[in-house]
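These figures come from a predicted structure and were not determined experimentally. Proteins get letters first, then strands, A, B, ... in listed order; numbering begins at 1 in each.
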Amino acid sequence: MKLATFNINGIKARIQALSDWLDEAQPDVAVLQEIKSVDEAFPRELFEEKGYQVETHGQKSFNGVAILSKLPLEDIRRGLPGDDGDEQARWIEATVVGEKNALRICGLYLPNGNPVELDEAGRPVEGGKYAYKLAWMERLKTRAEELLATEEPSVMLGDYNIIPQAQDAANPKKWEGDALYRPESRAAWQRIVNLGFTEIFRTRHAAPGHYTFWDYQAGAWQKNDGIRIDHMLMSPQCADLVEDCGIDAGIRGREKPSDHVPLWAEIAL
DNA sequence: ATGACAATTTTTAATTGA
């Protein structure tokens, strides 16, 4: 089964580009981020006609995540646990039932975190966006520990808004001080990976120059001034099932593209 | 140092994103 993640930057503006990509790439399961739509306004029929079950966790104007699946879904949950006061729609999970294996998939849209606000002691200012990002990552780590404890195949995939290493940016210097690349952000990411997850893309593509995001501004795509911020973190039981993975970078050059492109993996379910 | 670009709502300006 082919699993993919794609930050579409608005479902309304991306209906054509998303439909074309689904027809070509034929993912069995796709998690989407930044649908920027409430559940009622999501054009679910367009995707149901293609054979997908559609599950959304939407929000007005911003954020919003979804799962499209041609395979049966069980135990769908919405929202990242750990803060009942968090109104932002950034997490949706479900179990995909395959012929031999079942896979817990968690679609996520991790907070951007900019602007970075620090106090005199260098601590993130409470209530600020950077503090929200780091707190969200702590909650993610807690959920990640639970997933590993099941000792079953699971994957957390989506827009992490994290540049893990210098080779994941065309111009890493430019990102110093940015919430996507600051030491606290990367350390929080590494603590999650260190629990025992496999970031699957780098296991199969060691070379630099692979990106999933190019800014709309300043001709970033034309200059290949990109960053790799969309990822899949897999439990050992999931990573063992992976047969291939890649990035569909080409669609960034099409008409009316998202600023992100899809990341996919072929998994033996 | 600044703005560039896109999507959405707050719509002819402001907010958010990365």
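- Residues from residues 37-45 of chain A lying near DNA chain B, meaning a heavy-atom separation below 4.0 Å, are absent.
- As rounded to the nearest Å, B:dT2 and B:dA6 have P atoms that lie 23 Å from one another.
- For the pair A:E117 and A:K129, the salt-bridge criterion is not met [side-chain N within less than 4.0 Å of a carboxylate O].
- Applying the ring-ring contact (aromatic ring centres under 6.0 Å, His included) rule to A:F201 yields the partners A:H205, A:H210; only residues at least two apart in sequence or on another chain are considered.
- Between B:dT8 and B:dG3, the two P atoms lie 24 Å apart (nearest whole Å).
- In the hydrophobic clustering, A:L134 connects to A:V116, A:L118, A:Y130, either directly or through intervening members, whenever side-chain heavy atoms lie under 4.5 Å apart.
- Residues that satisfy the side chain to side chain contact (heavy atoms under 4.5 Å, CB included) test with A:K141, not counting sequence neighbours, are A:E145, A:R191, A:I192, A:L195.
- The separation of B:dA18 from B:dT11, taken at their C1' atoms, amounts to 24 Å, rounded to a whole angstrom.
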Atom pairs under 3.5 Å, N or O on each side, protein against nucleotides 16-18 of chain B: can you list them with distances?
residue: B:dG17; atom: OP2; partner: A:K129; partner atom: NZ; Å: 2.9
residue: B:dA18; atom: OP1; partner: A:E34; partner atom: OE2; Å: 2.9
residue: B:dA18; atom: OP1; partner: A:Y109; partner atom: OH; Å: 3.2
residue: B:dA18; atom: OP1; partner: A:D159; partner atom: OD2; Å: 3.4
residue: B:dA18; atom: OP2; partner: A:Y109; partner atom: OH; Å: 3.1
residue: B:dA18; atom: OP2; partner: A:N112; partner atom: ND2; Å: 3.3
residue: B:dA18; atom: OP2; partner: A:N161; partner atom: ND2; Å: 3.1
residue: B:dA18; atom: O5'; partner: A:N112; partner atom: ND2; Å: 3.4
residue: B:dA18; atom: N9; partner: A:N112; partner atom: ND2; Å: 3.4
residue: B:dA18; atom: N7; partner: A:N112; partner atom: ND2; Å: 3.3

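- Residue A:E93 is tested with A:R78, A:R143, A:R77 for a side chain to side chain donor-acceptor pair (under 3.5 Å); the sole match is A:R143.
- Look at CD1 on A:I11: it is 19 Å from P on B:dA6, rounded to the nearest Å.
- Legend: salt bridge (charged side-chain N to carboxylate O under 4.0 Å, His left out) pairs involving residues 156-171 of chain A, not counting sequence neighbours, sorted by first then second residue: A:D168-A:R202, A:D168-A:R228.
- For residues 234-266 of chain A, every residue pair satisfying the ring-ring contact (aromatic ring centres under 6.0 Å, His included) rule, not counting sequence neighbours, is listed here: A:F213-A:H260.
- Note on A:R14: every side-chain N or O is 4.0 Å or more away from OP1 and OP2 of B:dA6.
- Legend: salt bridge (charged side-chain N to carboxylate O under 4.0 Å, His left out) pairs involving residues 13-27 of chain A, not counting sequence neighbours, sorted by first then second residue: A:D23-A:K50, A:E24-A:R254.
- As rounded to the nearest Å, B:dT16 and B:dA1 have P atoms that lie 24 Å from one another.
- Nucleotides B:dT10 and B:dT15 place their C1' atoms 8 Å apart, quoted to the nearest Å.
- Going from atom CG of A:N9 over to atom C1' of B:dT15 covers 14 Å, rounded to whole Å.
- In terms of position along DNA chain B, the nucleotide closest to A:G219 lies nearer the 5' end than the nucleotide closest to the other residue of the pair A:K60 and A:G219.
- Evaluation of the side chain to side chain contact (heavy atoms under 4.5 Å, CB included) rule for A:Y132 yields A:D86, A:Q88, A:R90, A:P111, A:W136 as partners, not counting sequence neighbours.
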